[in-house]
Each structure stands twice: as C-alpha cells, then as structure tokens.
Number of protein chains: 2
Amino acid sequence: MSALSGDTRLPRYQRLAEALRQEVVERRWKPGDRLPSENDIAALYGVATGTARQALVQLVKEGLLKREHGRGTFVRRPNFDQSLFRFFRFWAKDGVRSVPESRILRRVMAAPPGHVARSLRIEDGGGAINMSRLRLIDGEPVVAEEIWLPLDLMEKFLDVAEADIGPLLYPVYDEVCGQTVARAEESLTVESSAPETARLLRLEAGAPIIVIDRLARGYDDTPLEWRRSRGAADRFHYHTEIR
Amino acid sequence: MSALSGDTRLPRYQRLAEALRQEVVERRWKPGDRLPSENDIAALYGVATGTARQALVQLVKEGLLKREHGRGTFVRRPNFDQSLFRFFRFWAKDGVRSVPESRILRRVMAAPPGHVARSLRIEDGGGAINMSRLRLIDGEPVVAEEIWLPLDLMEKFLDVAEADIGPLLYPVYDEVCGQTVARAEESLTVESSAPETARLLRLEAGAPIIVIDRLARGYDDTPLEWRRSRGAADRFHYHTEIR
DNA sequence: TAACTATACTTCTATATAGAACTAAAGATG
DNA sequence: CATCTTTAGTTCTATATAGAAGTATAGTTA
C-alpha cells in the first residue's frame, strides 16, 4: 500500500505512472522483467484496477513498457542501435538487412570538445571516453563513427576487452555500466567529405556525405552517448509517414 | 440506434471506430465539424459510454479527431502543406518560420510518366494534371516542385484562377475538389542537380540537392497528389526523436 | 511417451455510475 | 452598460464488476 507521492493535484493515474517510471529508472525493474499484474499493482498502490490500467497503457504509449495478452506486462528492451541504418539503403548482397560488422579504430580517454561536453553535460575538466569506429557490410566500409561517452557514468566501458564488443554498443552500456539507452535525438545534414573521411569510406575527397548527430539518453533523460556518423550521400535514403 | 455493422468478431469499440471513420471519409462529418457528445454517440450506436469513449480515443490517436475538454470532439483539420520545410533550415530574415511564397510556372493536362501513374493509381490512358512551382523566401528561390494530380478526382483544380491559389495547395484541393489530404509518405534522397534545376535554384550545376518524393493520401488512402521537391543540400537539416 | 484436459494465471472488452473540471452562454446584479 | 453568477452542456477522472480471450503449466488419459 505504498501511497502515491508527488502530491500535486495531478490525476491519480499520472502520479501512478510516474511512480512506475521511477521503478524502471532506478533499475528495480530491469529491461525484460515482468511487472506485477494490474490487479496487484492496483492493490499495492491503493487505486482501482481501471486506474492502474490507465497508467500502464500510458507507459506503453511512451514506449517504456510492453503488454502481452495473457502473459503479462514487461519492461521494454530498447533496441535501436542499428536503427541508424534506416537512413541508408545498405543491406547485404543477399538483400537481407543485417547488422553491419564494426571495427574499432580507437578507444581512449580524452577531453571532449566544447559542444560535446555541453551535450553530455560534462563539467569543466570532466573527462570523457572517445571512440572511433568503422562499420562495414560485406567488407565494404559504409559508415564512419565518432563517439563520446561521459567518463563518470561509463568508466567501466574502458575495461571491456575489444573482442567482447560486438557491433551493438547499447547492450554493452547496459550490462557493463548499468546504463540503459531509452531514446535518442538525431539531426541530419549534408556536407562535403574531408580528406580523412573520404579515405576511410573510399570516396573521392569532397564527395557529398550525410552527417548524423545523435544524442542518446537514459530513462530519466541523462545524456549517455554523443555520436557523429558519416556515410556516402548517394546511399542515403529515408522514408517516413507524416500526418 | 444504428446497429454496428462489419459483423466480424472484432471488439465493439473497433467496429464503432470504423463506423465513425466512415462518417468522416464520406464527408458527412467535415474537417472542423463538432461530433455528437460521447453520450449521444453511445446512445446512437447502442453501446455503453465507456465503449464510445474508447473508440473516440483511438481515432484521436490516429490523428483523425481532436477532443477539447469541456468543448467537444472535432474532426481534425489536417495541416501539413508547409511541413515540407521541417526538412530545411529555411526561414525569413526576421527568424520567423513563415510559409514561403510560391510561383506557379506551369499548370496543364498531361499524360503522367509510368511511376507517377502507378503511384496515383491512374489507369492506362487516364489523364493527369501537371504543375510546376517555385517556392521562395524573401524573393530567393529555395525549392522547386513538380506536382501531379489524378484528373478524375481533381479536374476542377484546372478551373481555379491562379490568383486564387495561395502558397498552400491542400486547402484548395479540399474546398474546390472535395478531397482532403489526411496523410502522406515521404522519401528523401541526395542527388546532383541537373542543369535546369540548378538554374531555377541559382546553384552551380552538379551541386548536391535533396530530393523529396511525397505521395499524399485521403482518409481512405486514395492517392491524391504526387510531388517531387528539390532544394539545395547545404540548407538541408532534419531533426527527429527515436525511441 | 504423446496428446489431450483442467486449471490458474494474465490482459482485454464491456458495462454502469458518480462526480470533478472545463467551456460557453444566458441571466442576475450593481 | 459592465460584471458577476448560474446553468447546462461537454470531456475527464475514478471506481466497481463481470466475463471473454489468450497463455502456461500441471495433471490425466490413451
């Protein structure tokens, strides 16, 4: 019977939603876990079943939870590390969209440039981890990535053996550092490739490239990763529905 | 007491939602109109108020309706003609994002090319309206558009005086042709500008440009407009949130 | 063993009811 | 006339209850 706190005069189902959100943020409920049933939650927090239901439905809409008829309610396992590739018409020769391989070129501690420090909310003098990756499909380089992580939250990432880092980084952040990437903002522009990038991607210098800046955040909006990806513009393709 | 039809064994609230959707599709309820209250709808269709509510909420989620506390439920007035410009960092010199002016260069009946005919579901030998527009901000050309409309649905558009066509086309389609654009799919790529496009946009020939193909559809998915827009890539900027 | 059955869980659908919160307009008051 | 009050409409919140429908497992039967 944990009474609902946050006692502003918000509707009860919203305060309940906030309480449940906190359970996930503070990792008492982890991705993949099953929550108590809606009846149990209602009893636990002292509200009617319908009210508990309304809170749960809202959190599903936010993408935090997932419900399955007859099975239960689960903490959603975020999964959009590879979603970068929705911007590109890259797929393997057999036509299947697979996760591309990746080759880590550099992984060091470093002082972040100003705009990265601001995005990641790193204090003056605070450290960061800097990484450079090349992603390949069928051995062909398609995207070059520059990645920055806040040192205080992600320090343990430096201890992971390179062999243990697969093409997907977010599961590693989750397991090693206890930080779950829940959402991200992305920003796309077109530029001319600098000589170094052109060499990495095997393009002519000055060829147009798509630059994607991404800021990944945790459940409570803490910035967890800043990433800049570059790929050949002639392979760029984005499809969306608007209403 | 219009009984719910579509008698598959779908849940009642979904069949009700479908019935209400039809009211909008068949223009008995027009954009801006207020619907009967949730109690009245429940009585009309012979369901409980909560069930009517559930149907209405779903249609709000789909973007078809809009509800206002204490005022009523309304058919949403779609409004994304200018949304093209979310892809570009174009705004007037005063910093305000305004709707750009537009200059119609051509408006004629013509036979559509194959891929357009397929997109618009135009039968062999079926006609189309072809239009070419240039859009400007502060007198500067920023986007060139090539537009195709299916003749059978949009014939009356040819009769509209050019002076009566503002920068926004969709309200004209709605008022003159009785066709409401409810949603659209867009597809973005990067290309090198052809000489003619470069001249229109005052770029060097071969400069990279963003090409946006859009297919606009009505409430019942009927294709209403095919549009290809071209703008300078160095002004391109797209921002999105993913989860 | 293999296939069916019963059972105990879960979420989902549907109903009914009561009052709060908000909006708009008609009516009363100064 | 201007301002406040009442009133009738709307959606929104919250509760309670009953049963349908889906899932997983333990138990039974052939």
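Chain letters run A, B, ... following the sequence lines, proteins first and then strands; every chain starts at 1.
If you measure from atom CD of Glu38(B) to atom C1' of dC22(C), you get 14 Å, rounded to the nearest angstrom. To the nearest angstrom, C1' of dT11(C) lies 12 Å from OH of Tyr13(B). When the C1' atom of dT11(C) is taken as reference, atom CD of Gln54(B) falls 13 Å away, rounded to whole Å. The interatomic distance linking Arg53(A) (CZ) with dT11(C) (P) rounds to 8 Å, in whole Å. If you measure from atom CG of Leu56(A) to atom C1' of dC12(C), you get 13 Å, rounded to the nearest angstrom.
Take the nearest nucleotide of DNA chain D for Gly50(A) and for Ser37(B): the residue whose nucleotide is more 5' is Ser37(B). Where Arg12(A) and Thr49(A) meet DNA chain D, the nucleotide closest to each residue was compared, and Arg12(A) sits on the side nearer the 5' end.
At a cut-off of 3.5 Å, with distance as the only test, a side-chain donor of Glu225(A) or Tyr173(A) sits close to an acceptor on the other residue. Using a 3.5 Å distance cut-off with no hydrogens or angles, the side chains of Thr189(B) and Arg89(A) do not pair a donor with an acceptor. Side chain to side chain, Ser187(A) and Asp213(A) fail the donor-acceptor criterion of an N or O pair below 3.5 Å. In summary, the side chains of Thr222(B) and Asp220(B) do present a donor paired with an acceptor at a separation below 3.5 Å, with no hydrogens or angles considered. There is a side-chain donor-acceptor pair under 3.5 Å between Gln22(A) and Glu18(A). Between the side chains of Arg67(B) and Thr73(B), a donor-acceptor pair is found at a separation under 3.5 Å.
To the nearest 0.5 Å, the span separating CD on Glu186(A) from CZ on Arg214(A) amounts to 4.5 Å. One distance of note links CG of Leu224(A) with CG of Leu169(A); it measures 12.5 Å at 0.5 Å rounding.
Scanning DNA chain D 5' to 3' for nucleotides with an atom closer than 4.0 angstrom to a non-hydrogen atom of chain A gives a first and last hit of dT13(D) to dA24(D).
Residues from residues 68-76 of chain B placing a heavy atom under 4.0 Å of any atom in DNA chain C, listed by number, are His69(B), Gly70(B), Arg71(B).
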